[in-house]
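Quick caveat: nothing in here was measured; it's all calculated off a predicted structure.
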Amino acid sequence: MSDQPVAAAPGRARLSPRKKQKITRGTQYVVLGVVLGALLLYVDWASLSQNFAKGDVAEKALPELFTIALRNTLIYTIGGFVLAFVLGLIFALMRISPVRPYRWIATIYIEIFRGLPALLIFLLITFLPLALPGFEVPGGTYGQGILGLGLVGAAYQAEVFRAGLQAVPKGQTEAARSLGMSAARAQFTVVIPQAIRIVIPPTTNQFVSLLKDSSLVLFLGVSGQYVELAKFGNDLASQYANATPIMVAGLTYLIVTVPLGYLATRLEKRKGSGR
């Protein structure tokens, strides 16, 4: 008998991992192509164009789409973001404070406003005059929208800031104190500026989230010159019995959110490569 190993039959030759990966990937592409092809054949393109992309209906949304709806959306979002930024920083400092009552207050606020649906917060704002007779939110409708977004956003922004504050090395504070700075001055001149730079990427994502949540302003009963994109698109869709205005409003959201999301991703990558 020969001691030489018997060569495997050609049909039974073992495939290399790379070949297996190519076969698997090719199979996935074929399945995806079949699914997409079936979907393209199934869709009634004429009906889709008539109901979701009707040109004359889209034209009727202009120029108010930008001069009113988008403008108001940005007003609500930027105002809410500024309020969330300030409150979030305050509650983050309270959350890590050595004073227990401060920590308790911050924890309760964060847990409540992160646990409640944002829609419920906006609905509660409409009932504030009943709970507080004579009280009016400064800024009227704009103020109510900004308040709702700010209260919701502050709970999430506080956690973002807390992570950033705790990411700053303690040696920074110790070095500042050794130079004769008080604890408060070291916090505001050394720690907080570094923490803000650290949390820029997630803060950008928070802004995008608030921009999308601004659609909840419609539950405040806004109308006329106070409508934002979602309300504007819905009203026109009801007026013309056509979904094109809603698609146009959605496209306008994407024009703003996609570049911001890309910016946040770039900032995260730059932060990661800088380590």
Side-chain angles (χ1 to χ4, degrees), residues 52-55 57-89 113 117-119 121-122 125 139-157 159-161 196-197 199-240 242-271:
F52 291 90
K54 197 172 183 181
V57 176
E59 289 179 3
K60 293 176 182 178
L62 302 173
E64 288 82 3
L65 175 71
F66 299 105
T67 60
I68 296 178
L70 179 58
R71 181 201 66 186
N72 289 338
T73 297
L74 294 177
I75 290 174
Y76 293 129
T77 303
I78 294 173
F81 176 76
V82 172
L83 180 59
F85 189 93
V86 175
L87 290 179
L89 180 57
F113 281 88
L119 171 60
I121 303 300
F122 279 89
I125 289 176
T141 302
Y142 285 129
Q144 290 180 333
I146 289 171
L147 178 62
L149 291 173
L151 291 177
V152 173
Y156 294 93
Q157 190 63 37
E159 290 298 274
V160 171
F161 274 130
I196 290 177
R197 287 195 294 268
V199 302
I200 285 178
T203 298
T204 305
N205 287 326
Q206 180 64 22
F207 182 85
V208 174
S209 296
L210 286 180
L211 181 66
K212 293 183 290 185
D213 287 343
S214 65
S215 61
L216 297 174
V217 172
L218 68 88
F219 290 99
L220 296 176
V222 296
S223 60
Q225 62 177 342
Y226 298 106
V227 297
E228 38 65 53
L229 282 170
K231 174 68 172 174
F232 180 81
N234 184 64
D235 288 347
L236 284 183
S238 299
Q239 179 179 347
Y240 296 107
N242 192 280
T244 300
I246 296 178
M247 299 298 293
V248 172
L251 179 61
T252 308
Y253 274 115
L254 292 176
I255 291 174
V256 180
T257 57
V258 170
L260 287 175
Y262 176 76
L263 175 62
T265 302
R266 293 285 297 177
L267 290 173
E268 289 176 354
K269 290 182 178 179
R270 180 176 298 181
K271 176 185 173 184

Answer whether the closest heavy-atom distance between the side chains of Leu218 and Phe122 falls below 4.5 Å.
no
Smallest heavy-atom separation, Thr244 atom then Lys54 atom, equals OG1-N, 2.9 Å
Residues Pro245 and Asn242: closest non-hydrogen pair is CD-O, 3.3 Å
Interatomic distance, CG@Leu62 vs OG1@Thr67, rounded to 0.5 Å, equals 9.0 Å
Nearest heavy-atom pair of Leu220 and Gly145: which atoms, and what distance?
CD1-N, 3.6 Å
I'd like to know whether Leu149 forms a side-chain contact (heavy atoms from CB on, under 4.5 Å) with Leu83, so could you lay out the CA-CA distance, the side-chain angles of the two residues, the decisive distance to 0.1 Å, and finally the verdict.
CA-CA 8 Å; Leu149 291 173; Leu83 180 59; over 6 Å; no
Any side-chain heavy-atom pair of Pro202 and Tyr156 under 4.5 Å
no
Going from CG on Asn234 to CG on Leu229, what distance comes out if it is rounded to the nearest 0.5 angstrom?
12.5 Å
Evaluate the side-chain proximity of Ile68 to Val227: yes if any heavy-atom separation is below 4.5 Å, no if none is.
yes
Side chains of Gln239 and Asp235: does their closest heavy-atom pair fall under 4.5 Å?
no
Gap between atom CD of Glu64 and atom CZ of Arg71 - 0.5 Å precision
11.0 Å
Nearest heavy atoms of Thr252 and Leu65, plus distance in Å
OG1-CD2, 3.5 Å
Please round to the nearest 0.5 Å and tell me the distance separating atom CG of Leu70 and atom CD1 of Ile75.
10.0 Å
Any side-chain heavy atom of Val222 sitting closer than 4.5 Å to one from Tyr76?
yes
Value for OG1 (Thr77) from CG (Asn72), rounded to nearest 0.5 Å, stands at 10.0 Å
Look only at the side chain of Gln157 and the backbone of Val160, and say whether a donor-acceptor pair between them is shorter than 3.5 Å.
no
What heavy-atom pair brings Tyr253 and Ala230 nearest, and what distance separates the two atoms?
OH-N, 3.5 Å
What distance do Leu89 atom CG and Ile196 atom CD1 have between them, rounded to the nearest 0.5 Å?
6.0 Å
State, to 0.1 Å, how close Val208 and Gly261 come at their nearest heavy-atom pair, and which atoms those are.
CG2-N, 4.3 Å
Would a 4.5 Å heavy-atom cut-off, applied to side chains only, mark Phe52 and Ile246 as touching?
no
